[in-house]
Amino acid sequence: MHKNTPLGYWERESLLRTTNITIVGAGIVGMSTALYLRRLRPHADIRIVERHPLAAGGSSRNAGFACFGSAGEWLDDLDTLGEQGLVELVRQRAEGLRHLIDLLGEDALGLEWKGGWELFRSEDEQLAARALQALPRLNDLLQPVLKEVLSDIRPSAQDMPALQPDAARAAQLGASTAIHLPWEGMLHTGRMIAAFHRALDAAHVQRLHGVTVRGWTAEPSGSGWILDTDLAPLSTEMLAICCNGFAGDLLHDLDVRPVPNRVLVLKGQPDALPEGTYHLNRGYLYMRSLRPGEYLFGGGRHWNLDLPLSGSHNIESAWDQQLLKAAEDWIQGPLEVTHRWTGWLGVGDTREPLVGQTASGLHHAVRMGGMGVAIGTGIGHQLAHQMHSE
C-alpha cells in the first residue's frame with residue numbers, strides 16, 4: 001500500500017487500532033522490551049513501529065561479537081568511570097548477554113564460545129605495555145563479576161580463566177602483543193533477528209515496518225499519546241522510544257547521536273585468521289572469522305569520515321579502501337570484498353546507556369555505545385520493568 005493511498009476501514013479498525021503500548025524501534029532493545037512487557041502484562045496490546053523493513057540502526061548490521069570490551073578499552077573506562085563504574089559497565093554487558101541467551105537460546109543465536117583477543121602492533125607499544133601492566137588489576141575487578149553472571153551459561157565458567165598474554169597468537173598474526181579474552185563469544189546476527197521475530201509473533205506483538213514516526217502529541221484527554229507517522233496517526237496509552245542513535249531526532253534533549261560504522265566481508269585463504277574475535281586499535285577496528293576462508297573486518301569510526309545518513313558513495317569507497325588496507329595488515333594472502341554495509345551506532349559523551357522517563361507514559365532506552373548485542377536485551381528488561389511499575 002502506498003503511503004498516500006487512503007486507508008481502508010479494516011486497516012484503521014484493526015491493524016492500526018489504539019494500543020496499550022507502542023515501542024518505536026525494532027532493534028534488540030525495542031524487541032526485548034516488547035517480549036518482557038508481554039510477560040509482565042499478558043493481556044496488553046503491544047505494537048512495535050520501525051521505519052526500516054528490517055532495522056535502521058545496528059541490530060541487524062553488527063559484527064556478531066558477544067563481548068564485554070577489551071583491556072585497551074577498559075583503561076579508558078577506568079579513567080572516565082573509575083573502578084566501580086567499570087565493574088558496573090561490564091556487569092551490565094554480561095547480564096545483557098545472559099538475558100539474550102535466556103530469551104532466545106544459544107542455538108537460535110548461533111552462539112559459539114571461541115574466545116577473543118586484543119592485538120597490538122609495535123606502534124601500539126605504549127598502550128600494550130599499559131594494558132599488560134593493568135592485567136592483574138583488571139582480572140581482580142572483572143573476573144569475579146563475569147564468573148558470577150555467566151556461570152549458568154558459559155562453558156567451564158566455574159573455572160573462568162583470566163585475561164592473559166598470548167605469545168603464540170601474537171606470533172601467528174604478526175602482532176607484538178596479544179591479550180586473550182577467554183570470556184568472549186560470537187553469534188550469527190541474522191539468526192538472532194529471525195529468532196526475535198519468531199518470538200514476537202508467538203507473543204502476539206504487532207510489528208509495523210516501513211513506518212516513520214515524526215513526533216507525537218498528548219491525547220486531549222491526557223490518557224496517552226498520538227503518534228505522527230508517515231502512514232497515519234497512531235494512538236497509544238504508553239510510548240517507549242528505543243531507536244538508539246536516532247532517538248535525538250525525537251527526544252532533542254538526550255545526549256545521543258548516530259555514528260556510522262562500516263563493515264566488510266572478505267574472501268581469503270582458508271585458515272588465514274584463526275577462529276575467534278579480535279579487537280584492534282582500542283576496539284575501533286575489529287575482525288572475526290565467519291566460514292573457512294571468509295572473514296569480517298569493520299569499524300573505523302575513529303577516522304572521522306563524515307558519512308551522511310543517506311550514504312555517500314565517495315565516502316563509503318574511501319572508508320572501504322582504508323578498511324581493506326587495515327585488513328591486509330592482519331589477514332595474510334589476497335583478499336576480495338564480497339559484502340559491504342554501514343551500521344549506525346548510538347553514542348554520547350559516555351558509554352553508559354540512557355534509560356529513563358520524560359513524561360507520564362513516555363519512556364526511553366537509547367545510546368548503546370556500540371555494545372547493543374551485549375547490553376541491548378538487558379536494557380530491554382530494565383525498560384519493561386520501569387514501564388510496568390509506572
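Keep in mind that this is a model prediction, so the values were computed, not measured.
In this model, no donor atom of one side chain and acceptor atom of the other lie less than 3.5 Å apart for S176 and S122.
Relative ring orientation between Y278 and W117 is described as parallel, the plane-to-plane angle staying below 30° on a 0-90° scale split at 30° and 60°. Ring orientation note: the planes of F246 and W344 are tilted relative to one another, at an angle of 30° to 60°. The aromatic rings of H381 and H99 sit parallel, their planes meeting at an angle under 30°, below the 60° perpendicular limit.
Judged purely by atom type and a 3.5 angstrom limit, D320 has no side-chain atom pairing as donor or acceptor with the backbone of L264. In this structure, R47 contributes its side chain and L15 its backbone to a donor-acceptor pair below 3.5 Å. Side-chain atoms of R121 come within 3.5 Å of backbone atoms of G174 as a donor-acceptor pair (strictly under, hydrogens ignored).
Nearest heavy-atom pair, V347 versus G369, reported as atom, atom and distance to 0.1 Å: CG1-CA, 4.4 Å. In this structure, A326 and L285 approach most closely via the heavy-atom pair CB-CD1, 4.2 Å. Scanning all heavy atoms of the two residues, the minimum distance from L7 to A232 falls at CD1-CB, 3.3 Å. Here the closest non-hydrogen pair linking A134 and L75 is CB-CD2, 3.7 Å.
The CG atom of L239 sits 9.0 Å away from the NE2 atom of H363 when rounded to the nearest 0.5 Å.
By the ring pair (Phe, Tyr, Trp, His ring centres under 6.0 Å) test, Y295 is found to be paired with no residue, residues two or more places apart in sequence or in another chain being considered.
Each of N261, T277, N281 was compared with Y286 under the side chain to side chain donor-acceptor pair (under 3.5 Å) criterion, and only N261 meets it.
Between D107 and R191 there is no salt bridge, since none of the side-chain N atoms of the basic residue sits less than 4.0 Å from a carboxylate O of the acidic one.
Applying the salt bridge (charged side-chain N to carboxylate O under 4.0 Å, His left out) definition to pairs two or more places apart or across chains, those involving residues 12-34 are R17-D45.
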